[in-house]
Amino acid sequence: MNNEKYSEYRLSTCSRSSLTEKLENRSFDLVIIGGGVTGAGIALDAASRGLKTALVEMGDFASGTSSRSTKLIHGGLRYLKQFEFGLVAEVGRERAIVHKNAPHLVIPEKMLLPLIKGGNYGKFGTSMGLKVYDILAQVKKEDRRVMLSAKETLDKEPLLDKHNLIGGGYYAEYRTDDARLTVELLKTAAELGAVCMNYCEVNKFNYHENRISGVSCGDNISGEEININAKFVINAAGPWVDTLRDMVQSKHSDKKKLHLTKGIHIVVPKERFPVKQSLYFDISDGRMIFAIPRGKCTYIGTTDTDYFGELGEVKAERVDIEYLINAVNSTFPDIELSFSDIESTWAGLRPLIHEEGKSASEISRKNEVFESPDGLISIAGGKLTGYRKMAQKITYLVIKKIRKKSNVNFKSSKTKRLKLTGGPFASRDEVKRFTLEIEERLSGNDLSKGKATFLVSTYGKQTSVILDCVEKQNETLNETTLILSELCFTVENEMVTSSCDFFIRRTARLYFDIQSVSQNMELVSGKLSELLSWTEEQKKQDIKELKAEIEKATCIRIS
Ligand code: FAD
């Protein structure tokens with residue numbers, strides 16, 4: 001932990017009642033609604049500047065869009081086509097900053113953009129586009145784009161269609177785990193004194209002299225009502241931003257509203273689509289698709305279609321999956337993916353700002369802040385990659401408003417150099433060395449291949465705590481003792497309260513190792529039941545919810 005002084009703010013499921021007390025009895029500078037990456041980023045920026053900060057999330061942390069993205073920290077190459085130079089420059093530069101602050105979690109990933117005969121991209125245009133991308137994002141010389149011949153491209157990715165290939169672009173991006181990034185941001189914020197709580201749903205705004213003065217929440221676990229007083233309420237509710245804006249007394253009068261678009265991903269076993277590296281390829285309708293290797297799988301995405309359904313019920317439909325299968329099969333002729341190859345899927349909603357007459361893919365990914373007359377500050381749009389800048393914007397606004405009324409001084413933003421929990425690692429080389437040490441520690445035990453890489457990219461240096469815990473109990477290190485130790489760690493430090501939290505948001509096993517979810521569901525639910533003193537009924541409910549999530553991720557394969 002960076003700051004033992006604030007260990008009482010730790011995201012421990014066992015500390016919910018003491019955190020509730022803090023939420024109720026203190027007066028905060030700001031309370032943030034939404035524990036996705038936007039809210040988590042704001043909590044960290046605000047707490048690091050000395051603002052009294054609270055954050056509440058109605059479900060699990062990152063259960064909204066922030067666990068359902070393409071999981072890239074990227075500049076958004078395609079936005080160059082829309083002449084969004086400012087956006088590309090801002091998020092492009094952010095990539096290196098976020099990487100430095102969590103090099104185990106935000107990992108450099110070279111991207112191959114194949115160029116094909118009759119495709120949407122020519123050699124010259126792509127070369128210039130990638131060059132501009134590098135310049136805007138201030139990419140280091142050694143990482144700048146390289147243009148490849150057809151042969152060089154095929155060497156990098158032999159699965160491509162050699163008859164069509166005319167060359168390729170090879171450029172720098174970063175990959176991450178969106179939900180883990182969100183949770184580590186929250187843990188770092190908590191270490192700096194932010195009070196953060198999941199399963200705590202805002203259902204009403206409280207008022208003082210016609211101004212919003214706090215929120216009233218329901219604890220979705222204990223059923224208790226919690227009232228939180230704050231000078232400012234920040235609505236960072238992602239796809240739910242308008243739902244909350246509709247709850248204020250002074251209905252929002254501006255014309256700005258959200259435009260939700262759905263994006264899905266499919267996961268297939270590596271053997272069925274064994275790409276050697278990450279690819280970004282164009283398809284016949286002009287859109288671009290990613291194929292990214294991860295552990296034992298390759299995942300493919302995404303789609304971009306208007307969404308008008310229930311916000312909590314978004315899922316991959318047959319038509320979405322078919323679109324991605326066709327995208328792969330038309331670019332990689334020998335692969336012949338089919339529905340039966342799909343191991344898992346996920347779907348998310350982009351909370352974009354509506355622009356009249358623009359289609360889903362054309363709408364800008366810029367973020368915007370809007371304020372209601374009674375003081376609700378809402379932020380929407382943007383990208384995972386730009387969370388830090390969005391956070392700075394909100395904190396700056398809040399500090400400006402506080403200063404208008406009183407002469408308080410706050411520290412300047414520190415997040416550019418603030419290492420996230422899981423580290424600190426000085427560099428990617430240190431991460432590699434640490435992974436080798438963990439590999440060494442695991443050797444000779446009955447564990448699946450790649451476990452050290454999984455543990456370090458998931459928990460960073462916290463891996464040692466998890467392994468120490470097994471050893472302290474004089475237990476042998478194996479798949480069972482390790483998963484139980486991971487579970488205890490996430491309950492004590494990451495507010496895991498259900499099997500879904502653990503398998504989906506903390507470890508992403510539901511997406512990238514779905515067999516292990518079915519294999520370990522009884523074990524994990526049983527241990528949770530013991531740790532959280534559940535009744536038999538609660539345990540049954542936990543398993544039922546997990547099975548429903550497995551069904552949602554896989555039903556297309558079964559049908
Ligand atoms: P969310 O993550 O949805 O968080 C909002 C939270 O508010 C939710 O968890 C919700 O439960 C909570 N909430 C709502 N109402 C209440 C209430 N009443 N009380 C308490 N809590 C409440 N960006 C990138 O940079 N890279 C990518 O590769 C990328 N890929 C993407 C792919 C797809 C398919 C999609 C959909 C988006 C992608 N994005 C990407 C964009 C990025 O994922 C989003 O911009 C980002 O996750 C939005 O985060 P958020 O915190 O604003 O929203």
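In what follows, residues are counted from 1 in the order of the sequence shown. Both ligands and their constituent atoms are indexed starting at 1 by order of listing. Quick note: numbers below take in every heavy atom, side chains included, and nothing from hydrogens, waters or symmetry partners.
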Taking atom [atom1] of [X] as the centre, does the number of heavy atoms from other residues, nucleotides or ligands within less than 6.0 Å exceed 12?
| X | atom1 | result |
| --- | --- | --- |
| Lys416 | NZ | no |
| Lys22 | NZ | yes |
| Tyr396 | OH | no |
| Lys393 | NZ | yes |

Students should be able to answer this: which protein heavy-atom is nearest to [atom], and at what distance?
| atom | result |
| --- | --- |
| atom 22 (C) of ligand 1 | Met58 CG, 3.6 Å |
| atom 47 (O) of ligand 1 | Ser66 OG, 3.0 Å |
| atom 3 (O) of ligand 1 | Thr65 N, 2.9 Å |
| atom 50 (P) of ligand 1 | Thr38 OG1, 3.2 Å |
| atom 41 (C) of ligand 1 | Leu384 N, 4.1 Å |
| atom 53 (O) of ligand 1 | Gly238 CA, 3.4 Å |
| atom 27 (C) of ligand 1 | Leu72 O, 3.4 Å |
| atom 6 (C) of ligand 1 | Glu57 OE1, 3.4 Å |

Basic-acidic side-chain contact under 4.0 Å: Arg506, Asp501: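 Salt bridge flag = no for Asp501 with Arg506.
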Lys/Arg-Asp/Glu bridge criterion (N-O < 4.0 Å) met for Asp320, Lys262: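 Here Asp320 pairs with Lys262 in a salt bridge, since their nearest N and O are under 4.0 Å apart.
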Run the numbers for me: atoms of ligand 1, each under 4.0 Å from some heavy atom of [X], listed by number.
| X | result |
| --- | --- |
| Trp240 | 8 (C), 10 (C), 14 (C), 15 (N) |
| Glu201 | 19 (N) |
| Gly263 | 34 (C) |
| Thr302 | 34 (C) |
| Lys71 | 28 (O) |
| Pro239 | 3 (O) |
| Arg68 | 33 (C), 34 (C) |
| Gly34 | 6 (C), 7 (O), 12 (C), 21 (N) |

Looking only at heavy atoms, what is the nearest atom pair of [X] and [Y], with distance?
| X | Y | answer |
| --- | --- | --- |
| Glu157 | Gln277 | OE1-N, 3.7 Å |
| Ile379 | Val369 | CD1-CG2, 3.9 Å |
| Ala179 | Arg505 | CB-O, 3.3 Å |
| Ile226 | Met197 | CD1-CE, 3.9 Å |
| Gly295 | Lys270 | O-NZ, 3.4 Å |
| Thr182 | Ser66 | OG1-CB, 3.8 Å |

Which is it for [X] and ligand 1 at heavy atoms under 4.0 Å: side chain, backbone, both or neither?
| X | value |
| --- | --- |
| Lys262 | neither |
| Thr385 | both |
| Ile33 | side chain |
| Arg365 | neither |
| Leu349 | backbone |

Axial cation check for Trp346 ring with Lys71, 6.0 Å and 45° limits: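 Checked: cation-pi criterion met.
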Ligand 1 contacted by Cys200 (non-hydrogen, < 4.0 Å):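 Within the 4.0 Å threshold, so yes.
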Test of ring centre spacing under 6.0 Å for Tyr299 and Tyr511: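 They do not qualify: ring centres at least 6.0 Å apart.
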Pair His74 and Phe290, ring centroids less than 6.0 Å apart: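 His74 vs Phe290: aromatic centres under 6.0 Å.
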Judging by distance only, is a nitrogen or oxygen of [X] under 3.5 angstrom from one on ligand 1?
| X | value |
| --- | --- |
| Val37 | yes |
| Val202 | yes |
| Thr70 | yes |

Minimum non-hydrogen distance to atom 4 (O) of ligand 1, winning option of Gly36, Pro351, Ala40: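 Residue with the shortest heavy-atom distance to the ligand atom: Gly36.
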